[in-house]
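Read the structure below first, then the notes.
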Amino acid sequence: MIKQSVIENVLEAALSTGGDFSEVFIEDKFANELTLQSGKIEQSISGRDFGIGIRIFSGLQSIYTYTNDFSEEGLLAAAKRAALAIKGGTTGTIQPLKKEIITPIHNIIILPNSVEHARKATIMRQANDIARNYDERISQVKVRYLDEEQHVLIANSEGKFVEDTRIHSRLALQATASEGKEMQTGFYGPGAHAGFEFIENLNLEHYAGEAARIAVTMLHADECPSGKFPVIIDNEFGGVIFHEACGHGLEATAVAKNNSVFANRIGEKVAPDIVTYIDDGTLPNEWGSLNIDDEGEKTRKNILIENGILKGYMIDKFNARRMNAEPTGSSRRQSYRFNPTSRMTNTYIAPGTSTPEEIIAATEYGIYAKYMGGGQVNPSTGDYNFAVMEAYIVKDGKIDRPVRGATLIGNGAKTLQLVDRVSNNLAHGAGMCGSISGSLPVNVGQPMIRVSEMTVGGTKGE
Amino acid sequence: MNIAEYQEKLLDKAIEAGFKEAEVYFERKNSFKCMLYEGQIDSYETSEDGGLSLRGLHNGKMGYAYTEKLDDVSMSFLIDSVKANADVLDENEGIDIFEGSNEYTPYEFYNEELETIGIPEKIELLRLIEQKVRAYDSRIVTLDYCFLQEYSTERSLANSKNLSLSHKENGLVIFLSTVVKEGEELKTGGYLKMTRDFHALNADEIARAAAEEALANLGEKSIPSGKYPIILRSDATASLLSTFMPILSAENAQKDQSLLKGKVGQKVASDTLTLLNAPFHPDALSGASFDGEGVATKEQAIISNGTLQTLLHNRKTAKKEGCETSGHAHKDSYKGTLSIAPQNLYISPGKRSQEELIASVSEGVLISELSGLHSGTNTVSGDFSVAAKGFHIQDGKIVSPVKQMTIAGNFFEFLNDIEESGSELYFLPAGYGSPSLLVKELSVTVE
């Protein structure tokens, strides 16, 4: 993308004022997004994102600059301008760049850019038809198709020089059901670190059907009661709860400055024995997977909590300095516009031994959260909240009636302690995670679990 | 390559390639951001970036593509992509490139002085603020965010109908999140200050506000869950308003995604609510004199004393309805196609201060912060159920912060339940503004 000699000069210019580490991140990304609404393809966008991020460390100071200027003069000027922020320090040395060849673990079969828009549109129309035909009360269907081909080149003053191509494909389906004055929506958004083959092989009947079914089910759901209940959270995207409740608190971004309830607690029991929590960027073709992270480190399987014991964190190169630890292949950024930091990839709770049927049967009265919406957390306090898209009351060990408007709130560290059942049906769901280094594809996953008590906020009194 | 030259060359090439009409939109941003941690620079960022997009009418349909790499290869990429994107569209509604409005309101969105003040001086101010926050109270543990960001943005729009418009703006934002602890209770409080006038920033005031925002959350108590009269603080209201803005979009109404469809001229809110679009409001940092299609923007009432005056239109939705565009075409950046959004939208303030509103409540809850708005709200149904921070009000006084809560309701009902607007107007950086509101009741669930 840029000549190696230019990169070397930029790395050197970045260290000219006393920095001890410099890094260049070059990104060239092609993306397509098509939108179908009211039965018509009404938007189609293609774009090329291109830019260069230069990072310098000086002890515990991190300097970042980015630009779209790809001329050598422009890049050197940007590096020198950034370097001006450093005063004093010991200048690091530049190791000769050694090109590292990575063996991709995520097999890509059909490059999205080689596929005509018409073929993409055909699949979108099929999804639209399936959702519309599900029920006559489906009044609107929105289908978004997204693909991107991101080429990255990462080089640093330690001699790292590595390139990678990341392919993402996603179909996001939203159905709206209407009846009288009521309007409700259902959503499903499968995605993968894979090419167009992922879209072609998608079980549209399932995904589009589910989006429609959720919308129709919620149309006449009762208002959710509020109060404290046992909550059963289904598998797959249900894992978003632990993404918020403890995933973010296990990122070095929060841990390094002791801004996390999980800081300085390695080896401590933070959850019941049945909870094992893992972040794994190597799962083949999963939405949150990567060959290398955005610092060029190979991704890996990081066990964060094992049988309830806190084992590790997700650590990036910069926070590793503050923590006196090693990076874990967890450094990510949305694009060259972001200074990378530790983030999740595919995070999940390992399967347990109960069956989903047993868990429901063992619940006298509670809430069954079948599909979760999104959520958020304050990593300093661990207080989280998230929305339930499709929920039911469980009564006498059986799924009773659907309820809507449920929000779950609580504290991550406390909720973790209250997990009392983990089933055997692990599955992963695709989502976007927003934090200081931008919005990133991540998987959240889990088998069905039960939390013995959670605060449920709804519109109906207790 | 020079931008003006590139724009011109690209327009020529587009017409050569068979586009009937074409538009080039360019945007460039300079930004500086500094984050402090315990007096030291933790991160320091500068950037200069931008991109350019091409819209073109090909076979009667409008295609779209953008690039951030301005080279010759990108020119062919843009032209080929615009064609491919136009060809796949089903819509052929005869929307064309705009020839321009007769008049544009001149307004200065850029304060030159802000950029003449050196970076060291800005960092020094932030350092002083951080020190003052830390020294403010012994219960202050740390600041988990302490940053200052300054930006300037330029935009230009040029098309084959000889319209050529440009816009320049800048601004500075300081954000502090303070962590406080008393016993085992750990709380945070966020505070944001934005301005175009660096000299208007007062370190003492900012530090006090940031510290108090966090300290006020200590000593939390539980209250019974149930329905309570609510005072929704100005900043929380502004964020709720921004989340539900899509219900005002004519495009959403036309696609059956807004329950305000067909309600123009009807009562949709309580008499006390007046909602204004204000592209030139002095308290807001955003705004512009032309919209995403180049249409002149204007001051206008969207809801007047509870009656819906207009939905937000761009040229396409207006054409569909046989009305004039209201000038609300929106381009998030060169990366997106046209959507619909206001240029500063705010709820008109009332007479009494927030304190006076509180004094009028015998038993209720003051909400100071909402979170989870991106997931706990449904703009189609209007339902919301979101996490909240706030305080218990008894006999006209704040008695204690309340444990983690959720508030739930329906936005359309909420609009009708507004009883009074407070007198202080607060704007979010994105241009949504509100005073505090006294609302009849909402469901409150307390942990």
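Here is how names work: the chains are called A, B, and so on, in the same order as the sequence lines, proteins then strands, and each is numbered from 1. From a predicted model like this one, the values you see are computed outputs, not experimental measurements. The figures that follow rest on heavy atoms only: side chains count, while hydrogens, waters and symmetry mates do not.
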Evaluate the criterion side chain to side chain donor-acceptor pair (under 3.5 Å) for residue pair A:Asn259 and B:Thr142; output intermediate values, then yes/no.
CA-CA 9 Å; A:Asn259 284 335; B:Thr142 187; 5.0 Å; no

Could you report the tightest heavy-atom contact between B:Lys187 and A:Thr381, atom names first, then the distance?
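Closest approach of B:Lys187 to A:Thr381, heavy atoms only: CA-CG2, 4.0 Å.
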
On a heavy-atom basis, which atom in A:Gly375 and which in B:His374 lie closest, and how many Å separate them?
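Nearest heavy atoms, A:Gly375 then B:His374: O-NE2, 3.1 Å.
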
Using non-hydrogen atoms only, which part of [X] is less than 4.5 Å away from chain A: side chain, backbone, both, or neither?
{"X": "B:Val386", "answer": "backbone"}
{"X": "B:Tyr64", "answer": "both"}
{"X": "B:Leu338", "answer": "backbone"}
{"X": "B:Glu447", "answer": "both"}
{"X": "B:Val179", "answer": "side chain"}
{"X": "B:Ser74", "answer": "both"}
{"X": "B:Tyr145", "answer": "side chain"}

Answer with yes or no whether the side chains of [Y] and [X] bring together a donor and an acceptor at under 3.5 Å.
{"X": "A:Asn385", "Y": "B:Thr406", "answer": "no"}
{"X": "A:Thr65", "Y": "B:Thr46", "answer": "yes"}
{"X": "A:Thr176", "Y": "B:Gln257", "answer": "yes"}

Heavy-atom side-chain proximity of B:Glu45 to A:Asn339 below 4.5 angstrom
yes

With the side chain counted from C-beta on, respond yes when B:Phe412 and A:Lys181 share a heavy-atom pair under 4.5 Å apart, and no when they do not.
no

Would B:Lys389 and A:Asp383 pass as an ion pair if we require N to O under 4.0 Å?
no

Check step by step if side chain to side chain donor-acceptor pair (under 3.5 Å) holds for B:Asp144 and A:Ser380.
CA-CA 8 Å; B:Asp144 54 357; A:Ser380 299; 2.5 Å; yes

Close contacts, residues 47-57 of chain A versus chain B, judged by heavy atoms under 4.5 Å
A:Gly47, A:Arg48, A:Asp49, A:Phe50

Full working for side chain to side chain donor-acceptor pair (under 3.5 Å) between B:Gln404 and A:Asn411:
CA-CA 9 Å; B:Gln404 214 187 352; A:Asn411 184 279; over 6 Å; no

Count the heavy atoms of every other residue, nucleotide or ligand shown that sit under 6.0 Å from CD of A:Glu116, and state whether that count exceeds 12.
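Counting neighbours around CD of A:Glu116, 12 or fewer heavy atoms of other residues, nucleotides or ligands fall under 6.0 Å, so no.
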
